[in-house]
Amino acid sequence: MTDVREAEIDTGTAYGMKPATYRQELVEVGPGTPMGELMRRYWQPCALSEDLGSDKPQKVRLLGENLILFRDKSGRPGLVHENCCHRGTSLYFGRIEEDGIRCCYHGWKFDVKGNCLEQPAEIDGGRNRAKVRQPWYPVEERYGLVYAYMGPPDKKPVLPRWEHLENLGDDEYIETRWKPGYGPLNDDPYNPLKFNFLAAYENTMDSPHLPWLHYYHSCDQFTGAPLLRHDAEDANLPPYAHIKDLAGQIVAERSELGVKQGVPMPIPGHGLFLASNEAIVPNMAVVATLIDMLYFVPVDDTSFISFMLFRTKKGEQRSNLNELHFGKTWWEMSEDEHQRSPGDYEAQFSIGVLPAHSREHLSQGDVALGMLRRRLAEAVRDVQEGRDPPGVRRGPDADDVLRIGAHGMIPYTAAA
Ligand code: FES
Ligand SMILES: [Fe+2]
């Protein structure tokens, strides 16, 4: 038998690959996890105000916790633990009344702060009822969204106002939206996408994918125009002329609330523009000219909902992102078309339900994404070491207005 000479042995094969691991401190969101505790220091949107009527309670799963959201018939929103504190029946089957929600099993009634108002079968309506409390969370409404605070009561921040969403003109309104323009439809409220929130959140700082995925590889995700596909490129230009050395031109910097990134984008007929996004710790972003506030809200470790806000002229609708690929919506495309013209969804969900950080090879083009991960890890440490994370303001006199850096599409001149 002849030994294979060393020079002939294949290297770099997939044989013996170790199982992928992810950075638990950035990915898992349940109670007591590092990221879960960071997320619980911020108000998280959990529903659209317009969807929260007083007719029926709604199931909400948020940061791995099963909750029931309702609006009492006086108009107050309430968010309580799903299972009744008497014998555990789900309050999903409860009935909404003027001042609270009543459990179907034995009729105990709770107000929006979990106080037990009635125990109908008990002597004197329940002599000990003041001693029981349905676990609850504070809820507030703003910009057409219902926000919950699920963190330590003594750390509750003010619900922020965003400067760029304030002082609306008479001809403006704040438009809300939750449905992404892609992804399999499911029966859950708000149709969560079924992978970890971080892959979607990080995409806002993934600079090179903008020109590559959206312009060279596929058609423009948002208009369906076949822009700079490599097979339709200007014959007078060398291949990929617009993207050459792009990694060196990415602008990435820490901001007060997170990370800002800008990447030169070729807009045919108009030249290069700097598409500028800001990621805001721990799960928010403003996206160039497209979305004024985008929340990646984890349902649990393996699914999330995108809530979006737009400052819009009355009579107009910006949230119709018109995600057409060659004239079709995501749902109208065939498998063949999805494969040949993938967009954000295909690029992100195919990473896996959970990320595989141990297998990544981050490079220079990932500068903003790496910065965001460091910023998130720092914020996690802030909480662990007893400091307030970025943007958290507390106390009766706290300024509740937060400012982001500039975002949008800015004409771009390459640095000399
Ligand atoms: S289980 Fe809810 S009232 Fe008894
Ligand atoms: Fe994208």
Side-chain angles (χ1 to χ4, degrees), residues 57 66 68 70 80-97 100-111 114-122 125-126 128-129 131-136 180-183 193 195 198-225 227-228 243 246 250 261-266 273 275-279 285-291 294 296 306 308 321-325 330 338 341-351 365-366 368-369 372 407 409:
N66 291 338
I68 295 293
F70 67 99
V80 291
H81 188 266
E82 174 168 3
N83 298 101
C84 175
C85 64
H86 175 216
R87 294 255 292 102
T89 292
S90 172
L91 292 170
Y92 175 70
F93 300 103
R95 194 167 65 197
I96 296 175
E97 300 190 0
I101 184 170
R102 194 186 285 278
C103 178
C104 71
Y105 206 3
H106 314 96
W108 289 18
K109 178 157 80 170
F110 307 100
D111 71 10
N115 296 301
C116 189
L117 304 178
E118 280 180 28
Q119 298 174 339
E122 297 300 306
N128 291 322
R129 74 166 192 271
K131 293 194 185 137
V132 295
R133 191 96 182 247
Q134 180 64 19
W136 67 288
Y182 43 68
L193 296 181
F195 55 94
L198 190 64
Y201 182 30
E202 287 179 336
N203 183 64
T204 63
M205 291 292 109
D206 186 308
S207 319
H209 99 275
L210 265 175
W212 187 269
L213 174 69
H214 296 307
Y215 285 75
Y216 277 99
H217 193 104
S218 302
C219 60
D220 178 3
Q221 170 176 6
F222 304 109
T223 66
L227 291 178
L228 292 170
I243 203 168
L246 180 99
I250 293 166
Q261 75 87 43
V263 60
M265 286 274 285
F273 280 71
S276 167
N277 296 351
E278 181 163 352
V286 289
V287 182
T289 52
L290 289 175
I291 308 170
L294 170 54
F296 300 92
S306 304
M308 302 169 222
L321 296 179
N322 195 23
E323 298 92 342
L324 295 177
H325 305 244
W330 189 91
H338 282 300
S341 183
D344 278 319
Y345 179 75
E346 285 76 14
Q348 292 165 31
F349 100 90
S350 61
I351 291 172
D366 297 309
L369 184 147
L372 176 60
H407 69 294
M409 298 289 270

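All residue numbers refer to positions in the sequence shown, counting from 1. Hydrogens, waters and symmetry mates play no part in the numbers below; they use all other heavy atoms, side chains included. Just so you know, ligand 1 is whichever comes first in the structure, and atom 1 is the first atom listed for that ligand.
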A side-chain contact here means heavy atoms from C-beta on lying under 4.5 Å apart; do [X] and [Y] qualify?
X      : Y      : result
Leu372 : Tyr201 : yes
Pro208 : Val263 : no
Phe70  : Leu91  : no
Tyr182 : Asp344 : yes
Phe110 : Cys84  : yes

Provide the protein N, O or S atoms situated under 2.8 Å from atom 4 (Fe) of ligand 1; waters are not included.
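Near atom 4 (Fe) of ligand 1, below 2.8 Å, one finds His86 ND1, His106 ND1.
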With rounding to 10 degrees, what does the angle His214:NE2 / the Fe ion (ligand 2) / His209:NE2 come to?
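Taking the Fe ion (ligand 2) as the apex, I get 100° for this pair.
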Name the orientation class of the two ring planes belonging to His106 and His86 (parallel below 30°, tilted from 30 to 60°, perpendicular beyond 60°).
perpendicular
Charged N to carboxylate O below 4.0 Å: is that the case for Glu97 and Lys109?
yes
Quick check: of its N, O or S atoms, which one does Asp344 have closest to the Fe ion (ligand 2)?
OD1
